[in-house]
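As the structure lists them, so they are numbered: ligands from 1, and atoms in each ligand from 1.
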Amino acid sequence: MEAQNIQVNHCAVKKEKPNTDQLEFGTVFTDHMFIMDYSEESKWHDARIVPYQPLTIDPSSMVFHYGQSVFEGMKAYLSSDGDTQLFRPEKNMQRLNHSNDRLCIPQVDENFVIQAIKKLISVDQDWVPEAEGTTLYIRPFIISTESYIGVAPSAHYKLIVILSPVGAYYKEGINPVKIAVENEFVRTVKGGTGEAKTGGNYAASLKAQEIAGHKGFAQVLWLDGVEKKYIEEVGSMNIFFKINGEVVTPALNGSILEGVTRNSVIQLLKHWNIPVVERKISMEELQQAHEDGLLEEAFGAGTAAVISPIGQITWNNNDFLINGEKTGEVAKKLYDTLTGIQYGREEDPFGWVTKVKDGVTKIAQ
Ligand code: COI
């Protein structure tokens with residue numbers, strides 16, 4: 001499949017755009033979406049851009065019953081020179097195929113999907129928001145659409161990409177959030193689907209998230225599903241701690257999502273010669289570090305959350321207040337540098353950014 005063959009069916013009437021100074025996360029969607037279908041006979045086919053619209057799907061479609069689905073989260077940024085750019089989209093596509101493999105969903109042509117996303121963004125270019133801290137969030141997802149209620153991998157799928165102009169993920173914006181350590185529920189276990197970006201992991205997180213939310217926490221911190229001892233991740237971001245000058249993040253173990261922002265943070269820290277290590281870290285160790293005054297910073301990293309400083313971690317009714325509940329130096333430097341690269345304000349030493357227009361052949365209007 002070639003990106004220039006993607007058919008574009010433009011919407012007749014464009015929607016009214018939201019005020020970009022008051023954008024929330026994930027509530028508004030653009031005028032168009034990308035779709036392609038999969039069948040065993042035709043493989044991935046019929047790639048098209050159509051007006052954003054509800055789907056007509058049979059109630060017996062397998063996705064409704066057994067949750068065979070995967071998704072990704074990416075962003076497009078409007079740079080100061082007026083270009084729209086993507087951040088490491090190839091990493092998202094690699095992860096999409098990794099998730100596909102775990103969920104028995106057929107592999108996609110990673111380069112083709114990136115080209116399709118670029119083409120979709122070009123069609124909806126006027127939706128890329130301009131206000132500081134806003135972006136166009138990109139949500140590619142795949143659902144199983146075979147009409148069958150036996151438990152088996154589906155023979156049919158749809159890959160869809162929708163776009164949403166967004167502001168900050170947390171209501172706190174870039175101010176420190178409060179996180180509750182989850183002792184009762186588990187999100188996933190090694191050998192489960194934790195490493196895949198699949199809806200079931202997020203469904204499994206809702207109960208704990210709801211309880212924590214009622215107590216005023218922004219998110220929960222998940223522990224390993226077997227011993228409930230080792231720190232894994234926060235539901236919408238990976239986690240980092242600065243302990244006695246060294247940055248520590250839980251090592252990937254099969255149940256932690258391999259975040260693109262996580263990987264970028266590690267590369268940036270190494271580039272700056274700030275010690276960083278990926279290893280197991282237990283709550284006991286974190287508590288000890290806090291008691292000894294060595295827990296200097298905590299922050300989350302994710303596409304939606306960017307770099308989100310953590311001001312308080314609560315475990316067994318003990319509140320660990322971190323860095324006086326203020327954004328730490330390392331978190332601030334990471335936030336400024338990452339967003340600087342993403343919005344084209346800073347040099348991109350790693351070649352992480354790709355311009356949307358570089359991948360788009362002329363779009364039929
Ligand atoms: C992202 O960071 O893009 C995510 O997918 C997290 C989320 C909003 C579920």
Which label fits [X] and [Y]: parallel for a plane angle under 30°, tilted from 30 to 60°, or perpendicular past 60°?
X: Phe29; Y: Tyr52; answer: parallel
X: Trp352; Y: Phe87; answer: perpendicular
X: Phe25; Y: Tyr169; answer: perpendicular

>> Using side-chain hydrogen bond (donor to acceptor under 3.5 Å, both in side chains), reason through Thr84 and Gln125 one step at a time and then give a plain yes or no.
In response: CA-CA 8 Å; Thr84 299; Gln125 178 62 46; 2.7 Å; yes
Nearest non-hydrogen protein atom, [atom]:
atom: atom 9 (C) of ligand 1; value: Tyr202 CE2, 3.5 Å
atom: atom 3 (O) of ligand 1; value: Tyr137 OH, 2.5 Å
atom: atom 2 (O) of ligand 1; value: Ala304 N, 2.8 Å

> What's the verdict on side-chain hydrogen bond (donor to acceptor under 3.5 Å, both in side chains) for Glu329 and Asn323, showing C-alpha distance, side-chain angles and the deciding distance?
Replying inline: CA-CA 10 Å; Glu329 243 173 68; Asn323 194 38; over 6 Å; no
>> Side chain, backbone, both or neither: which applies to Lys197 and ligand 1 if a contact is any heavy-atom pair less than 4.0 Å apart?
In response: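 Contact part for Lys197 vs ligand 1: side chain (C-beta onward).
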>> Is any side-chain heavy atom of Ser164 closer than 4.5 Å to one of Thr27?
In response: no
>> Please confirm whether Arg139 approaches ligand 1 to less than 4.0 Å, judged on its heavy atoms.
In response: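 Yes, Arg139 has heavy atoms under 4.0 Å from ligand 1.
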> Which atoms of ligand 1 have any heavy atom of Tyr169 under 4.0 Å away?
Replying inline: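 Answer for ligand 1: 8 (C).
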> Taking only heavy atoms of Phe71, which atoms of ligand 1 are found under 4.0 Å from at least one of them?
Replying inline: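 So the atoms of ligand 1 that pass are 5 (O).
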